[in-house]
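Here's the structure, in structure tokens; my notes come after.
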Amino acid sequence: MTPLLDISNITVYRGRTKVLDGFSLHIEQGCSTAILGPNGAGKSTLLKVVSGELRPAYAPDSHVKVLGSERWNVWDLRSHLGILSDDLHKDYLAGTLGINVILSGFYSSVGTWQHQVFTDTERRKAAEVMEMLSVAALKDRAFGTMSTGEQHRFLLGRALVNEPGALLFDEPTSGLDLRSSFLYREVLGRLIRGGTTVLLVTHHIHEISAEIERVVLLKDGRIVADGLRDDILTSAGLSALFDYPLHAVSVNGTCQVFPAGGDPAQSPDPSTSSCG
């Protein structure tokens, strides 16, 4: 099977700052993966590289392939990879109706436009997605009057109307209250169990659900650990990642961390606590 992502030896600059240097990452389809790191680790840069917003510096031995291709037409990519980011959230006008947020996914546009025509099949699909996400009652409400959690679900629906095989999320529960965060996590879990591959880019440990198999730890533009969720989300590994002593525990499949206490330089015993 063609890999979801095949990134080899890339160097990426933001302005004059080198963010990623000789960076490589390989993710297979069907392997839901979280990329976890603190602010400044290079997560946003990586996300923009995958979505095509940023291009690596040219090198003959480097490449970025999404589903086997280095060059994608947005019309083709939308049915294979749905991307949900904070940038997309900010782009929508406050007056955009909920139904039009969903329908805009068929054209990969921000909102809908007069020249766009939607078939009965597409409208039925939009209605099905809104029902699945429990937002059908809000279809005629303006985007700007919705709660942040409702807005997130409409943007997820925008991606789902194309039935992509994979979804890329950038800190999906950021700005959500506890209830909305847990509901959103439940939706992601259902999608993964239903066969959708999820790539989660985050610094929120609690977003990494039990359905996510692999975790990649990113720090200072480098991968510092990579492996199965239960092996990577340990007190020692997370303490080193965030430069702070942390105690990791698993509660009902959710990984939670607490300050380990004492001297910030001390290292928790990895055998005593993890999210496994």
Side-chain angles (χ1 to χ4, degrees), residues 4 29-30 32 51 66-67 72-200 207 209 211-212:
L4 172 61
Q29 292 186 63
S32 289
S51 66
V66 180
L67 294 167
W72 275 98
N73 180 304
V74 67
W75 307 105
D76 297 326
L77 183 59
R78 65 184 181 174
S79 62
H80 297 279
L81 178 64
I83 299 175
L84 292 95
S85 67
D86 191 50
D87 288 346
L88 178 64
H89 192 177
K90 293 174 182 175
D91 285 342
Y92 271 83
L93 296 176
T96 305
L97 298 183
I99 180 61
N100 291 335
V101 174
I102 302 287
L103 290 173
S104 67
F106 289 111
Y107 283 88
S108 296
S109 58
V110 177
T112 55
W113 302 88
Q114 288 185 345
H115 69 275
Q116 295 173 344
V117 177
F118 301 98
T119 66
D120 290 341
T121 300
E122 289 172 333
R123 291 186 178 278
R124 282 195 296 272
K125 181 62 181 179
E128 291 172 6
V129 167
M130 287 188 292
E131 286 290 345
M132 183 189 76
L133 297 175
S134 302
V135 291
L138 306 177
K139 67 184 182 68
D140 294 320
R141 182 179 295 182
F143 191 70
T145 66
M146 300 177 190
S147 69
T148 304
E150 292 164 348
Q151 291 175 341
H152 279 219
R153 279 184 279 170
F154 270 99
L155 292 175
L156 175 57
R158 176 185 183 273
L160 292 178
V161 290
N162 292 301
E163 300 183 351
L167 291 167
L168 194 162
F169 290 92
D170 180 17
E171 298 180 354
T173 67
S174 180
L176 302 188
D177 61 24
L178 278 177
R179 179 178 181 275
S180 297
S181 294
F182 291 138
L183 289 175
Y184 206 87
R185 246 181 52 116
E186 289 173 10
V187 171
L188 295 192
R190 289 203 304 270
L191 290 170
I192 294 172
R193 292 192 297 273
T196 300
T197 305
V198 166
L199 177 57
L200 172 68
E207 289 184 342
S209 64
E211 290 84 4
I212 290 178

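Put simply, CD on E207 and CG on L176 are 8.5 Å apart, with the number rounded to the nearest 0.5 Å. The line from CG of L168 to CG of L84 is 8.5 Å long, rounded to the nearest 0.5 Å. In this structure, CG on L199 lies 10.0 Å from CG on L167, to the nearest 0.5 angstrom. Separating the CZ atom in F169 from the OG atom in S32 is a distance of 10.0 Å, to the nearest 0.5 Å. With rounding to the nearest 0.5 Å, the separation of CD1 in I102 from CG in L155 is 8.0 Å. Expressed to the nearest 0.5 Å, how far NE2 of H152 lies from OG of S181 amounts to 9.0 Å.
Here the side chain of T119 pairs a donor or acceptor atom with the backbone of E122 at under 3.5 angstrom. A donor-acceptor distance shorter than 3.5 angstrom exists from the side chain of N162 to the backbone of G105, with no hydrogens or angles considered.
Nearest heavy-atom pair, R158 versus V110, reported as atom, atom and distance to 0.1 Å: NH2-N, 4.5 Å. In this structure, Q116 and S109 approach most closely via the heavy-atom pair NE2-OG, 3.2 Å. Smallest separation of non-hydrogen atoms from Y184 and P172: CE2-CB, 3.4 Å. Contact record, L103 with A126: CD2-CB, 3.9 Å, taken as the closest heavy-atom pair. Closest of all the heavy-atom pairs between T112 and S104 is CG2-N, 3.9 Å.
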With a cut-off of 3.5 Å and sequence neighbours excluded, list every side-chain donor-acceptor pair involving residues 129-149.
from, atom 1, to, atom 2, distance (Å)
T145, OG1, A142, O, 2.8
S147, OG, E150, N, 3.2
S147, OG, E150, OE1, 3.4

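For R153, the side-chain hydrogen bond (donor to acceptor under 3.5 Å, both in side chains) test picks out no residue, with sequence neighbours left out. Listed by chain and number, the residues in a side-chain hydrogen bond (donor to acceptor under 3.5 Å, both in side chains) with R193 are E211 (sequence neighbours excluded).
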L160 and T196: side-chain contact (heavy atoms from CB on, under 4.5 Å), yes or no, with the steps? CA-CA 10 Å; L160 292 178; T196 300; 5.8 Å; no
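Side-chain contact between P164 and L81: absent, with no pair of heavy atoms (C-beta onward) separated by less than 4.5 Å.
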